[in-house]
Amino acid sequence: MNRIALIGTGLIGGSLGLAIRARHPETEVACFDASGDEAALALARGAATHIAPSAREAASGAELVVLAVPTGAVAEVLREIAPVLAPGTVVTDVASVKGPVVRAAREVLPPQVTFVGGHPMAGAEKGGMAHADALLFENAVYVLTPEAPGEAEGAAQTQGVGYTLPIPPSPFDRCPIPPEALWLVEAAGARAVRMDADRHDAVVASVSHLPQLLAVALVQHAAQTGDDALALAAGGFRDMTRIASSPFGMWGDILGANRDAVLGALDAFARGLGDLRAAVSAGATPDLREAFGQAAGVRDAIPSHSKGFLAPLAEVTLWAEDRVGFLAGVTGALSDAGLNIKDMELLRVREGAGGAFRLAFADGATADAAIGVLRARGLRAERR
Ligand SMILES: NC(=O)C1=CN([C@@H]2O[C@H](COP(=O)(O)OP(=O)(O)OC[C@H]3O[C@@H](n4cnc5c(N)ncnc54)[C@H](O)[C@@H]3O)[C@@H](O)[C@H]2O)C=CC1
Ligand SMILES: O=C(O)C(=O)Cc1ccc(O)cc1
């Protein structure tokens, strides 16, 4: 790819820019952001090769245009750049809601321009270029919502691109994905999943937008219970509420753009919570046991390394000691043995009492070799 335009260089645009520049240093990346400071930081951190004076000038002459602006700003930027897009240009976005964006693109863009909705399923609770990270999308699912003219409506299927998803194959591959969009996903280190825009919105209402509201409600509820409640909050509460620190600006847009699907998810969830309440109230142990069993089965089937439901890596649990240099010793020993840690996660931490890490390796043989190295240092390590 010779030239791309990056419009919006906050957390997501900046992270895409960093990843693209790391994998494709030859590609020219023209950026524009409504905030001059964000664009300047993007240039300084190497997420772009130059700053354009407007979105229109960034887009002019680009083969691929990436819009990484707030959900509510996508239509306006599409309208602004539409007149300068050359035939054959591919335009994509990263907004968290796809139906309204795809419909705006259909309305605003000239027919010789291809729009592919995009949504990388990874992010953070802090926005802005200052928090951008070249590795943010590594192994993440990246949803693409391509359309073939006249065929998009009702094609509510999902499909992995180039690997197997646990979802049945479908005729949705009638809608080709332009290679420029796949190039972007690969540059991000992510994995493309093709999906219908409205189905995407229903799914993210359940797995992203509802959890965001629940995190807010949980923290509010605990705060109302009292300061002593927050003092007692352990790892489980932290796991469930990290995203309560997310900025409202972004979420206000998302909840507005996906209102109907979010209301549907909230209603279904409220019914489920009502069922659990009734079971607790009635002391219905078998019902509760069944609910816990079902949930554990589903939760345990999510491969933790991939930020999504994709082929698993080989994983090791390492019990940690709360002492200076513990982690440096572990990573140093594995590195000395030539063993590459593909992913690492702190599973639980009890301040002053150590915790446990999940380490992921490319294959079982590497994981077993790592266990050997760790045990030789007197550490407790087991295959997960
Ligand atoms: N933050 C997250 O975890 C994720 C966010 N998204 C989506 O990505 C998009 C961007 O989100 P973030 O990067 O987190 O937000 P951000 O606030 O970090 O960055 C957005 C940038 O767009 C700029 N901007 C706003 N209006 C503009 C306009 N009209 N023209 C040019 N620049 C404009 C802002 O100045 C800001 O720098 C949103 O649609 C969001 O829903 C998608 C996946 C994850
Ligand atoms: O911080 C996290 O873990 C997230 O899940 C962030 C996130 C926010 C919005 C999205 O559309 C996708 C991902």
Side-chain angles (χ1 to χ4, degrees), residues 5-19 30-43 45 47-48 51-59 65-81 92-98 100-101 104 117-133 136-137 140-144 185 188 190 193 200-201 203-216 238-258 261-262 302 304 307-308 345:
L6 191 54
I7 300 173
T9 55
L11 174 75
I12 302 299
S15 300
L16 283 174
L18 290 172
C31 79
F32 173 75
D33 194 290
S35 153
D37 288 349
E38 288 295 282
L41 187 56
L43 186 66
R45 289 192 57 195
I51 301 176
S54 66
R56 213 176 251 204
E57 280 163 271
V65 179
V66 183
L67 307 187
V69 297
T71 305
V74 176
E76 140 204 345
V77 177
L78 285 172
R79 207 166 286 119
E80 188 189 336
I81 63 173
T92 187
D93 76 309
V94 300
S96 304
V97 185
K98 298 274 56 89
V101 165
H119 184 195
M121 297 307 305
E125 66 280 12
K126 303 275 181 231
M129 182 70 218
H131 297 102
D133 171 5
L136 184 63
F137 308 114
V141 164
Y142 195 128
V143 177
L144 294 172
V185 174
V193 167
H200 163 275
D201 292 352
V203 168
V204 292
S206 289
V207 298
S208 180
H209 308 171
L210 175 66
Q212 178 64 44
L213 290 171
L214 298 184
V216 169
R238 287 175 195 229
D239 286 352
M240 292 190 66
T241 57
R242 173 180 59 81
I243 53 178
S245 304
S246 300
F248 175 71
M250 171 175 127
W251 282 100
D253 269 19
I254 294 173
L255 298 174
N258 205 22
V262 170
I302 304 177
S304 42
K307 307 177 184 168
E345 179 187 11

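In listed order, ligands and their atoms are each counted from 1. Throughout, residue positions are numbered sequentially from 1 according to the sequence presented.
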Say whether Ile254, considering both its backbone and side-chain N or O atoms, lies within less than 3.5 Å of an N or O atom on ligand 1. no
Could you tell me, atom by atom, which parts of ligand 1 come under 4.0 Å of a heavy atom of Glu76? 29 (N)
Geometry only, no angles: is Ser96 polar-contacting ligand 1 at N/O separations under 3.5 Å? yes
Hey, does Asp33 come in under 3.5 Å of ligand 1, counting only N/O atoms on both sides? yes
If I apply the N/O under 3.5 Å rule, does His119 come out as touching ligand 2? yes
With a cutoff of 4.0 Å, is Ala124 in contact with ligand 1, counting heavy atoms of the residue only? yes
Closest protein heavy atom to atom 13 (O) of ligand 1, given as residue, atom name and distance to 0.1 Å: Ile12 N, 2.8 Å
Determine whether more than 12 heavy atoms belonging to other residues, nucleotides or ligands lie under 6.0 Å from atom CG of Asp133. yes
Heavy-atom contact check, 4.0 Å cutoff: does Ala122 meet ligand 1? yes
Any Gln212 heavy atom less than 4.0 Å from ligand 2: no
To the nearest 0.1 Å, how far is atom 2 (C) of ligand 2 from its closest protein heavy atom, and which atom is that? Arg242 NH2, 3.3 Å
Any nitrogen or oxygen of Leu11 lying under 3.5 Å from a nitrogen or oxygen in ligand 1? Just yes or no. yes
Nitrogen or oxygen atoms of Val69 and ligand 1 under 3.5 Å apart: yes
Measure the distance from atom 19 (O) of ligand 1 to every protein heavy atom, then report the residue, atom name and distance (to 0.1 Å) of the closest one. Gly10 CA, 3.2 Å
Got the closest protein heavy atom to atom 31 (C) of ligand 1, with its distance? Ala34 N, 3.4 Å
Regarding ligand 1, does Gly128 bring an N or O atom to under 3.5 Å of one of the ligand's N or O atoms? yes
Numbered atoms and elements of ligand 2 in range of Met250, under 4.0 angstrom, heavy atoms: 8 (C), 9 (C)
Counting from 1 in the order shown, the ligand 2 atoms closer than 4.0 Å to a non-hydrogen atom of Ile243 are 1 (O), 2 (C)
Establish whether atom 37 (O) of ligand 1 and some protein heavy atom are separated by less than 4.0 angstrom. yes
Report, in ascending order of atom number, the atoms of ligand 1 lying under 4.0 Å from any heavy atom of Pro120. 43 (C)
Identity and separation of the nearest protein heavy atom to atom 42 (C) of ligand 1: Val94 O, 3.3 Å
Which of the ligand 2 atoms, numbered from 1, are nearer than 4.0 Å to a heavy atom of Ala124: 1 (O), 6 (C)
Report yes if some N/O of Trp251 lies less than 3.5 Å from some N/O of ligand 2; otherwise report no. no
Measuring only between side-chain heavy atoms, which start at C-beta, is Leu67 closer than 4.5 Å to Val94? no
Looking only at heavy atoms, is any part of Ser246 under 4.0 Å from ligand 1, and if so is it the side chain, the backbone, or both, or is it neither? neither
Should the proximity of His119 to ligand 1, defined as any heavy atom under 4.0 Å, be assigned to the side chain, the backbone, both, or neither? side chain
Answer with side chain, backbone, both or neither: which part of Met121 has a heavy atom less than 4.0 angstrom from an atom of ligand 1? neither
